[in-house]
Amino acid sequence: MSISRRTFVRASAIGAALTAVASQRGNAALPAGVFSAASPADAIRTALGNVTMASDERVRLTAPDRAENGDVVPLSVDADLPNIQRITLVADQNPIPVIAVFSLAPEVEGFVATRVKLAQTCNVAALVDSNGKVHTGSKPVQVLIGGCGGE
Amino acid sequence: MADSIKVKTVQVAGGIEVRALISHPMSIGERDKASGKFVNAHYIEEVVVALNGKTILQGDWSSGIARNPYLMFKVRGAMPGDKLRLGWKDNKGGSDSHEITLA
């Protein structure tokens, strides 16, 4: 896998920022601005507080290598980790990098599958909160026709 | 907005697998020529799943979820007779919910 470390770190940091902010607020609601924050730098600054984050092979992110149509790209996350509280999906080249944040009760397994839009070729990342740490998995996806189109 | 939600469940070892399909445009809006910003977006912001009245999954979404959202997840220990409810709210005040009783 040839993931650019820079883009990966960036994607991961954004997610961690969000999860950090969200956990300060409790599980109930995300702060306003999570999805409108087009400035990853701010998010990263918030992030580098108390969250420990590491790439973890137990977070399995499944996505196609090549997406013909960025409007509909299937993604699934399967995390073999205890006490998962939150799964965040991030696409580092989307206008709104955070696609979704799933908050899970203990009854729900560490698995979600959905379909997302990808604006262009990018790295997608899944950030999984488990026992106070953020475990990440990521994968590059080549997008042939972008979703979230500008036209 | 009635009937925007379809939910199917399958029994698997130790629980159920839930597949939900929601009819929604999930529009990112159009680019305003003057400002270059996207305006008039229309998308689901929040999805809540409850089992017997207790919230077990909350999804906070951007418009980056694809049109007609699909969501699959697994619930441990769900039993026949349990009530599973899925509801959504969008950024324009629209909402819908649907409850099923597990067979």
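Below, read A as the first sequence line, B as the second, and so on, with proteins coming before strands; counting in each chain starts at 1.
Of residues 73-82 of chain B, those residues with a non-hydrogen atom less than 4.5 Å from any non-hydrogen atom of chain A are, in numerical order, B:Phe73, B:Lys74, B:Val75, B:Arg76. Residues of residues 11-19 of chain B never come closer than 4.5 Å to chain A when only heavy atoms are counted.
Closest non-hydrogen pair, B:Tyr43 versus B:His24, comes out as CA-CE1, 3.6 Å. Nearest heavy atom pair, residue A:Ser130 against residue A:Pro82, reads OG-O, 2.6 Å. Residues B:Ile5 and B:Leu86 share a closest heavy-atom pair of CD1-O, 3.5 Å. Counting all heavy atoms, side chain and backbone alike, A:Arg58 lies closest to A:Leu81 at CZ-CD2, 3.4 Å. Nearest approach of A:Phe102 to B:Gly59, heavy atoms of both residues: CD2-CA, 3.9 Å. Between A:Ser138 and A:Leu61 the shortest heavy-atom distance is CA-CD2, 3.8 Å.
Only one option out of A:Ile87, A:Asp129, A:Thr88 pairs with A:Val101 in a side-chain contact (heavy atoms from CB on, under 4.5 Å); it is A:Thr88.
The pair A:Asp71-A:Lys117 does not count as a salt bridge, with every side-chain nitrogen at least 4.0 angstrom from each carboxylate oxygen. Ionic pairing of B:Lys89 and B:Asp96 is not present here: no N-O contact between side-chain nitrogen and carboxylate oxygen is shorter than 4.0 angstrom.
Across B:Leu71, B:Asn68, B:Val47, B:Ile65, the residue that shares the most heavy-atom pairs under 4.5 angstrom with chain A is B:Ile65. For the options A:Val73, A:Leu89, A:Val112, heavy-atom pairs under 4.5 Å to chain B are most numerous at A:Val112.
Counting only heavy atoms from C-beta outward, the side chains of B:Arg85 and B:Ser97 approach each other to under 4.5 Å.
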